[in-house]
Amino acid sequence: MTMGSEPVPQHIAIIMDGNGRWAKQRHQPRFMGHRAGVKAVENIVKHCAELGVGVLSLFAFSSENWRRPSKEVSLLMELFALSLKQQAKRLHKNNIRLQIIGDISKFSDSLQKQIAQAQQLTTNNTGLIINIAANYGGRWDITQAVQKVAEQVASGDLQAEDITEDMIGAELTTASIVEPDLFIRTGGEERVSNFMLWQMAYTEFYFSKTLWPDFDSEQLDNAISSFNDRERRFGKTSEQIQQDS
Ligand code: IPE
Ligand code: IPE
Ligand code: MG
């Protein structure tokens, strides 16, 4: 797909950071920042669909975010449930497929049910795929994949020395999806915070100082432009890449 004359990354993965600071700047409780963050999600989803991005992965709640004050955690859960309820139909109408990746067994029964319903509703849609990473950790993802491969070894179907990278990749929560081309983190921190560790081996990184609630389509376009200026070499030399293109 192209943006004007520019190609668009197939898979964009975003750490939506800075909601708390956004609220603090306005002398509001952190929760108001999370609410404003949901609005920003709506805009970015719309823009990605228009641009023809294939997959948008959004880090919504990390496996480490349980360490926050319990009040903030429970408000985040409520906001997640509310957003699912409000958005599922709209996503479906726009041919968007919603997937939740992460250990959802730690969520309440009603939230798990809602997640299942939203995924079910949109499962046959053929447009943009949205991965919401909730109670997600890159190490958790790799660990659960390795456990599945280990089961095949334990049952005698596989020899340990025959385990390949592809076999592990096939058990990750993102198995059927291309790896992220572009990773964006808003909010000014420059770290991966246990996001898609395996999947981002060759992803291009883009850091923005903008706090997530202020991240808009123009800024996404800037990130994509920066991505398009990079030369992805995957270990080869620049000369080889230029010959191939
Ligand atoms: C990101 O914003 C949203 C979640 C982690 C749920 P933060 O809540 O981390 O915002 P800051 O980093 O405190 O500003
Ligand atoms: C990462 O943001 C997780 C999400 C955006 C959901 P954090 O704000 O929790 O990350 P750290 O703790 O600053 O690394
Ligand atoms: Mg943060």
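First listed ligand is number 1; within each ligand, the first listed atom is number 1.
H47 contributes atom NE2, which lies 9.5 Å from atom CZ of F215 (distance to the nearest 0.5 angstrom).
Ring orientation note: the planes of F59 and Y136 are nearly perpendicular, at an angle over 60° on the 30°/60° scale. Ring pair F183/F207 is perpendicular by interplanar angle, where above 60° counts as perpendicular and below 30° as parallel.
Inter-residue side-chain proximity for L84 and I132 is flagged as unmet; no heavy-atom pair is nearer than 4.5 Å. Contact annotation: the side chain of N43 never approaches that of L220 to less than 4.5 Å [non-hydrogen atoms, C-beta and beyond]. The closest side-chain heavy-atom distance from Q199 to L172 is below 4.5 Å.
Heavy atoms of K24 come nearer than 4.0 angstrom to ligand 1 in no pair at all.
The environment of CG in N124 is sparse: at most 12 heavy-atom neighbours from other residues, nucleotides or ligands sit within 6.0 Å.
Between K46 and E42 there is no salt bridge, since none of the side-chain N atoms of the basic residue sits less than 4.0 Å from a carboxylate O of the acidic one.
With P180 as reference, M200 is the one residue of Q10, E204, M200 to meet the side-chain contact (heavy atoms from CB on, under 4.5 Å) rule.
Less than 2.8 Å away from the Mg ion (ligand 3), the protein contributes these N/O/S atoms: D17 OD1.
Judged purely by atom type and a 3.5 angstrom limit, T237 uses its side chain to pair as donor or acceptor with the backbone of Q240.
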Are there any protein N or O atoms under 3.5 Å from the N or O atoms of ligand 2? List them with distances, or say none.
from     : atom 1 : to   : atom 2 : distance (Å)
ligand 2 : 8 (O)  : D17  : OD1    : 3.1
ligand 2 : 8 (O)  : R68  : NH2    : 3.3
ligand 2 : 9 (O)  : N65  : ND2    : 2.9
ligand 2 : 9 (O)  : R68  : NH2    : 3.2
ligand 2 : 10 (O) : R185 : NH2    : 3.3
ligand 2 : 13 (O) : R191 : NH2    : 2.8
ligand 2 : 14 (O) : R191 : NE     : 2.8
ligand 2 : 14 (O) : S193 : OG     : 2.6

